[in-house]
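The residues of the chain are indexed from 1 along the displayed sequence.
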Amino acid sequence: MKKKNVTQTDLLLEIGCEELPAGYIPPATEQLRSSIEAGLKDARIGFGKIVSYATPVRLIVLAEGISARQESQREKISGPSKAAAFDKDGRPTQVCLGFLRSKDARIEDIKIEDTPKGEYLFIERAMESLPAKKVLADMLPKLIGSLRFPKVMKWESGGVRFARPVRSIVALLGSEVIPFRFGTLQSSNLSRLPRYESAGMGPVKINSANDYFLKMKKYGVEADGDKRRASIETMLKNAAKAEGASEDFNAALLETVSYLSESPSGFTGRFSKDYLDLPVEVLESSMAKNQKIFLLKDNKGKALPVFAGVLNGKRKDISGIRGTFEAILNAKLKDSMFFLKEDLKTKLEDRIDLLKGVVFQAKLGTMHDRVGRIRELSRFIADTLKVPDDEKKKIEMAALLCKADLVTLMVKEFPDLQGIVGREYARRTGEDKEVAKAIYEHYLPKGPNDPLPSGNIPCILAIADKVDAIAGFYSIGMLPTGSEDPYGIRRASLGLLKILSEKKYPLSLDALLDKAADLYGDKVACDRKLVKSQILAFMRERLKNILLDKKYKDDIIDSVLSPGIGSFDRLGKKLEDLSSISQAKYFLEAAKVVERISNILKGAKDFRREDAKVRAELFREQLENELWDIYGKQKEKIEDRIEAGDYAGATKLYAEAFSGPIHLFFEKVTVNADDQALRLNRLSLLRAIQAVYADKAADLSKIRLL
């Protein structure tokens, strides 16, 4: 919204509360900023730049250049019809007078306008322009109360709810307090000191927005989360340099820690070298989960017996704090070492039967059932890909062991380490290194930036794992929605498609889903055909996004996916071939043939493609015989090129065979003849010509022709 040439000042809002969970803060900060912006626009109050900040105990918005009053605006109020408002002598009726009273208007204010419904009364007048302070006093408490959090609580007699108890609200327009109540709490110009300055977080007077940030700086509060994160990262790098460690830190933990302090200061501590036998991931997970501290590692990723932590506010002497952190960490790692020793007493293979007691999903059976299905799917994929026998044996073993770590003490303590623990235990108990790698990598990719599994064995296992989950949850109606995906089906689908499209395996989703459905058997009752079509439609949209990211043109993608996704080795070849010839004359000619046929078939309401059958004895025109003869001579040649994966060659052959004849046919022959049998036969002829290419290679009617 543009600033007006009127008096302007700044709006400052600070919601002071008890410590918010770190994950709540970034979304709440953006909500607050966008809500203020929307509210000011709706209220016709001019403003300039709006920024939001946050600390664990403060949500802050600064809106610059707030206009002193609402912008002037006229409103148009509709009234009754002229017929109802005036009698036959032109005198106002009670309907008219009632309308005027309700709007505090006079008869002179009335205007009559023609509308599609006839003549109606209108009143047009200037809307009241209120002071911004008054408007904000009404807006802000509603806005604060509308903020959404994963969980909220009620803590005072006013009945308001918030993520944590609200202790103060600073609301200033320039130097003036914007007066309002939020529950029983009154807005004011009193903020709170940081806890490291005052245990009770005593009051500090704020005179203006500028004064607020100066005082926050004076007391060491860094309101800007990005600056706090950068400061913490610098502290960690300095600590790493001092210990000769790498600068590789847990990025997710860094984000969390940046919202755990207002004035971060760093320190380092040490733990017993006895615990370096624990897997690095266990050390990192324990530190992140229990104490929000960072493990230092050498340049090869090996753990050092050193950690770095972040405190809120600077301390003169942190020896006591360091000692407490070290004592707690050693105690936690002692527990983890116990889990490790106990777990290694039992090989992963000997844990398989224990999976019978772990429910995968109530309607889909146990994890033991799931492992059985994954093994069968892995065998099916391995056979399809014709992998060597030695690889098949490793795939079998990896499939058998892939979920065994779910019943270990370590994974029960650290559920996020499933797969990682399985890999480490497999290594330590003498399993083949590729089997161990597959146990971890079959979960990949977990997110959009994750790497893919690194070889055939983990890729095959990952495909089987994801197909089983997708087919199972779809078959019981557990479909992902726009905002909800509790079973990770969207993530599994994207991971599956990325593996298949990157590796270009000669595998088709149709065959994989059919096999998965067979393995579920009678365990789930569903319409298999419908479920499969739902999955393929869902997959097609996700696959298109993946291919767009690879810079393929959207109309090329649509044309290739239209006949069905097919096998992924052919999909990749089609995309590459058709993209390379998309400007060639013969490509455009082939596209025009398919487009013209598609358009006429779409308009034929009584024509069913599945019933199409060409009957040569019904031909009446010489051009029909000639076109059918060309089809008979060229069909096998085009199909052979397609089968051989020569899509450029097939496209050229198709264009050369049909471009001229099909256009001549449309010019000389009336396809939509009055005789139904004749019309349907001509449509069947066109459908046969369309199908020989569009159903097997690409539906070029999707191509945007210039």
Given the side-chain rings of Phe339 and Phe414, with only the six-membered ring counted for Trp, is the space between their centroids under 6.0 Å?
no
How far does CZ of Phe86 sit from CG of Leu121, to the nearest 0.5 angstrom?
5.0 Å
Do the side chains of Leu20 and Tyr259 get nearer than 4.5 Å, heavy atoms only?
no
Which residue is it: Lys237, Lys300, Lys297? I am looking for the one with a salt bridge (charged side-chain N to carboxylate O under 4.0 Å, His left out) to Asp248.
Lys297
Could you tell me which non-hydrogen atom of Ile60 sits nearest to which non-hydrogen atom of Phe213, and how far apart they are?
CG2-CZ, 4.4 Å
Under 6.0 Å between ring centres: does that hold for Phe149 and Phe162?
yes
Hey, is NZ on Lys215 packed in by over 12 heavy atoms from elsewhere, all under 6.0 Å?
yes
If a pair satisfies side chain to side chain donor-acceptor pair (under 3.5 Å) and one of its residues is in residues 172-198, list it, with sequence neighbours excluded.
Glu14-Ser191, Glu19-Arg195, Arg58-Ser191, Lys133-Glu176, Glu156-Thr184, Arg181-Gln186
Let me know which of Glu281, Glu413, Glu284 forms a salt bridge (charged side-chain N to carboxylate O under 4.0 Å, His left out) with Lys289.
Glu413
Ala171 and Leu140: which non-hydrogen atoms are nearest, and at how many Å?
CB-CD1, 4.4 Å
Nearest heavy-atom pair of Met410 and Val421: which atoms, and what distance?
CG-CG2, 3.8 Å
Of all heavy-atom pairs linking Val51 and Lys49, the shortest is CG1-CE, 3.4 Å
Can a donor-acceptor pair be found between the side chains of Ser208 and Asn210 at a distance below 3.5 Å?
no
Nearest-0.5 Å distance, CD1 of residue Ile232 to CZ of residue Phe249:
12.0 Å
Can we say Arg33 and Glu30 salt-bridge, meaning some charged N sits less than 4.0 Å from an Asp/Glu carboxylate O?
yes
Considering residues at least two apart in sequence or located in another chain, which fulfil the side chain to side chain donor-acceptor pair (under 3.5 Å) criterion with Asp87?
Arg91
Between Glu262 and Pro56, is any pair of side-chain heavy atoms under 4.5 Å apart?
yes
Any side-chain heavy atom of Val160 within less than 4.5 Å of one from Lys154?
no
Might you confirm whether atom CG of Asp549 has over 12 heavy atoms from other residues, nucleotides or ligands at distances under 6.0 Å?
yes
List the steps, then state whether side-chain contact (heavy atoms from CB on, under 4.5 Å) holds for Val282 with Leu417.
CA-CA 8 Å; Val282 171; Leu417 295 184; 3.8 Å; yes
Indicate yes or no: does Arg229 engage Glu233 in a salt bridge with an N to O separation below 4.0 Å.
no
Kindly assign one of parallel, tilted or perpendicular to the pair Trp155 and Phe182, based on the angle between their ring planes and the thresholds 30° and 60°.
tilted
In short, Ser265 meets Gly313 closest at the heavy-atom pair OG-O, 2.9 Å
Is it the case that over 12 heavy atoms from other parts of the model lie below 6.0 angstrom from the NZ atom of Lys446?
yes
Kindly compute the distance separating CD (Glu247) from CG (Leu296), expressed to the nearest 0.5 Å.
10.5 Å
Between CE on residue Met216 and CG on residue Asp211, distance to nearest 0.5 Å:
9.0 Å
Are there more than 12 heavy atoms of other residues, nucleotides or ligands under 6.0 Å from atom NZ of Lys553?
no
Can you see which heavy atom on Ala303 is nearest to which on Val280, and at what distance?
N-CG2, 3.9 Å
Arg164 side chain reached by Pro21 side chain, heavy atoms, under 4.5 Å:
yes
Can you check whether Tyr275 reaches Lys334 side chain to side chain, under 4.5 Å on heavy atoms?
yes
Please indicate whether Lys227 has more than 12 foreign heavy atoms, meaning atoms of other residues, nucleotides or ligands, lying under 6.0 Å from its NZ.
no
